[in-house]
Undergrad: 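Please read through the structure below; I'll follow up with questions.
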Amino acid sequence: MSRLLESDIYLIETQLQDYEDLFIRQTGYTMEEIAQKAVGLTENTKRIKTAVISVTSGLGIITGFSQAVGAILRHHRVETLIAEKTDVAGLQQAYLSKCGIAFLADDCVCAALGIGSAVHSDNGWATGRSFAAAIIEAMRKQGINPLQERVLIIGAGPVGEAAAHYIAEQHAIPVICDLDNHKAACLAATLGHSAWISSPATIHQFTYIIDAGTMGDFITGEDVTEKTIIAAPGMPCGATAAAREKAIVIHNPLELGIITMYFDCMKQLED
Ligand SMILES: NC(=O)c1ccc[n+]([C@@H]2O[C@H](COP(=O)([O-])OP(=O)(O)OC[C@H]3O[C@@H](n4cnc5c(N)ncnc54)[C@H](O)[C@@H]3O)[C@@H](O)[C@H]2O)c1
């Protein structure tokens, strides 16, 4: 997980509705609908009060992070408390304020945890699955049946791994590529019908790409066509401005992953 920068998130709150509109144009669905598909939730409108708690350990608080998470939850009609207190005191404040879920992040993990219930969601898992669900629906919106279509997955970390599993569940074919070839081969071995290729990937040979790596600006205008669809959770975004002009590029630093974590918790509460 790369640590987000203040510049990655400071516009999230003011641009949420515009981003939602773009996302619908790209995928045919709202972020909430894609999040629910990603976690296997059908028809859920239930909301429970949720807290966002800043954590000061490690490199400390990213200015605006808790506010951005809170804005994303509120955009989806979740009553949200942004705790004034940090760390354990913030968690206690959330409990005393009768919040049912707490969102917390440090330098290594961003998680949602049930307060009073044994539910949990990890941001890497939620992000990988939801960006994979987004590319599958964007393909369908373009009239492509994902069945047996190859989807290149760049990066075999937690995000790439979760994306690869979702792609395999949809009976598309995940093709894994990682700077560490062994990691790519190991992930491919855990999936059914899949493949891995050595790095660097010959990107122009793929029409559907999930960028779950950590490198910016490596997918160029020459690598893509008007038919290319890229779901890019990776930070910074792997697609250059030229690639983004030509191809459909689904990219956001936090929005989709956070709301997917919320619905992941709701799904577990339902089960
Ligand atoms: N957009 C979001 O909401 C969101 C949420 C969580 C994580 N992320 C981002 O997603 C990315 C993946 O997260 P993670 O936790 O799996 O990271 P990670 O660092 O654990 O794994 C990334 C993997 O990608 C590989 N990699 C990096 N650049 C590559 C390249 N150009 N080609 C091939 N392989 C490459 C690395 O070797 C590594 O195995 C990170 O950039 C992270 O910051 C975004």
Side-chain angles (χ1 to χ4, degrees), residues 1-9 11-12 15-16 19 23 26 31 34-35 38 59 62 65 68-69 71-73 75-76 103-112 121-135 151-166 174-188 190 195-206 209-220 223 230-240 243 249-264:
M1 182 170 91
S2 338
R3 187 179 153 89
L4 284 173
L5 305 171
E6 193 181 336
S7 57
D8 294 325
I9 54 175
L11 286 173
I12 284 181
Q15 296 186 346
L16 257 172
Y19 182 70
F23 189 85
Q26 292 179 321
M31 286 192 276
I34 291 290
L59 295 174
I62 302 168
F65 182 82
V69 173
I72 294 163
L73 292 166
H75 175 74
H76 296 281
F103 277 69
L104 307 109
D106 64 11
D107 295 344
C108 303
V109 173
C110 172
S121 187
D122 176 74
N123 179 254
W125 180 91
T127 299
R129 282 189 75 86
S130 55
F131 275 79
I135 200 169
V151 179
L152 174 65
I153 297 173
I154 299 169
V159 175
E161 181 179 354
H165 280 276
Y166 188 90
V175 179
I176 318 294
C177 178
D178 195 287
L179 296 173
D180 177 345
N181 288 334
H182 180 68
K183 213 167 157 181
C186 287
L187 175 53
T190 67
W196 71 276
I197 55 171
S198 55
S199 180
T202 41
I203 292 169
H204 67 274
Q205 292 176 351
F206 292 85
I209 301 164
I210 297 179
D211 164 29
T214 51
M215 218 182 265
D217 284 348
F218 68 95
I219 304 174
T220 67
D223 287 326
I230 304 172
M235 290 298 296
C237 181
T240 60
V249 180
I250 303 162
H251 173 73
N252 61 76
L254 208 54
E255 293 87 323
L256 187 58
I258 291 295
I259 198 54
T260 305
M261 292 166 74
Y262 175 80
F263 284 114
D264 184 21

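What you see is a predicted model, and the numbers here were worked out from it, not measured in a lab. As the structure lists them, so they are numbered: ligands from 1, and atoms in each ligand from 1.
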Undergrad: Select the closest option to atom 16 (O) of ligand 1 among Ile203, Asp178, Val159, judged by heavy-atom distance.
TA: Val159

Undergrad: Would you say ligand 1 has an N or O under 3.5 Å from any N or O of Gly124?
TA: no

Undergrad: Considering the heavy atoms of Ile154, write down every atom of ligand 1 situated less than 4.0 Å from one of them.
TA: 30 (C), 32 (N), 33 (C)

Undergrad: As an exercise, identify every atom of ligand 1 less than 4.0 angstrom from a heavy atom of Asn123.
TA: 5 (C), 6 (C)

Undergrad: How close do His251 and Tyr19 get, counting heavy atoms only, and between which atoms?
TA: O-OH, 3.3 Å

Undergrad: Hey, is ligand 1 close enough to Phe218 that some N/O pair sits below 3.5 Å?
TA: no

Undergrad: Could you tell me if the side chain of Met261 sits less than 4.5 Å from the side chain of Phe103, heavy atoms only?
TA: yes

Undergrad: Under 3.5 Å, N or O to N or O, is Asn252 touching ligand 1 that way?
TA: yes

Undergrad: Is there a side-chain contact between Ile197 and Leu152 (heavy atoms, below 4.5 Å)?
TA: yes

Undergrad: Closer than 4.0 Å to some heavy atom of Thr214 - which atoms of ligand 1 meet that?
TA: 19 (O), 27 (C), 28 (N), 40 (C), 41 (O)

Undergrad: Where on Pro158 is there a heavy atom closer than 4.0 Å to ligand 1, on the side chain, on the backbone, on both, or on neither?
TA: both

Undergrad: I need the atoms of ligand 1 closer than 4.0 Å to a non-hydrogen atom of Thr127, numbered in the order shown.
TA: 2 (C), 3 (O), 4 (C), 5 (C), 6 (C)

Undergrad: Which atoms of ligand 1 are found less than 4.0 Å from any heavy atom of Lys183?
TA: 38 (C), 39 (O)

Undergrad: Could you pull out the closest heavy-atom pair between Ile72 and Ile12, with the gap in Å?
TA: CG1-CG2, 4.0 Å

Undergrad: Within the 4.5 Å heavy-atom criterion, are Ile258 and Leu73 side-chain neighbours or not?
TA: yes

Undergrad: Compare all side-chain heavy atoms of Ile153 with those of Phe206 and state whether any distance is below 4.5 angstrom.
TA: no

Undergrad: Check whether any side-chain N or O of Asp178 sits under 3.5 Å from a backbone N or O of Ala156 as a donor-acceptor pair, and report yes or no.
TA: yes

Undergrad: Is Asp180 close to ligand 1, meaning an N/O of one under 3.5 Å from an N/O of the other?
TA: no

Undergrad: Using a plain distance cutoff, I'd like to know if Phe131 has any nitrogen or oxygen under 3.5 Å from a nitrogen or oxygen of ligand 1.
TA: no

Undergrad: Nearest to atom 11 (C) of ligand 1 by heavy atom, Pro233, Gly160, Gly213, Cys237: which?
TA: Gly213

Undergrad: Find the distance between CD1 (Ile154) and CG (Leu179) and round it off to the nearest 0.5 Å.
TA: 10.0 Å

Undergrad: Which atoms of ligand 1 are found less than 4.0 Å from any heavy atom of Leu254?
TA: 3 (O)

Undergrad: Do you know the tightest heavy-atom contact between Cys177 and Ser198?
TA: SG-O, 4.0 Å

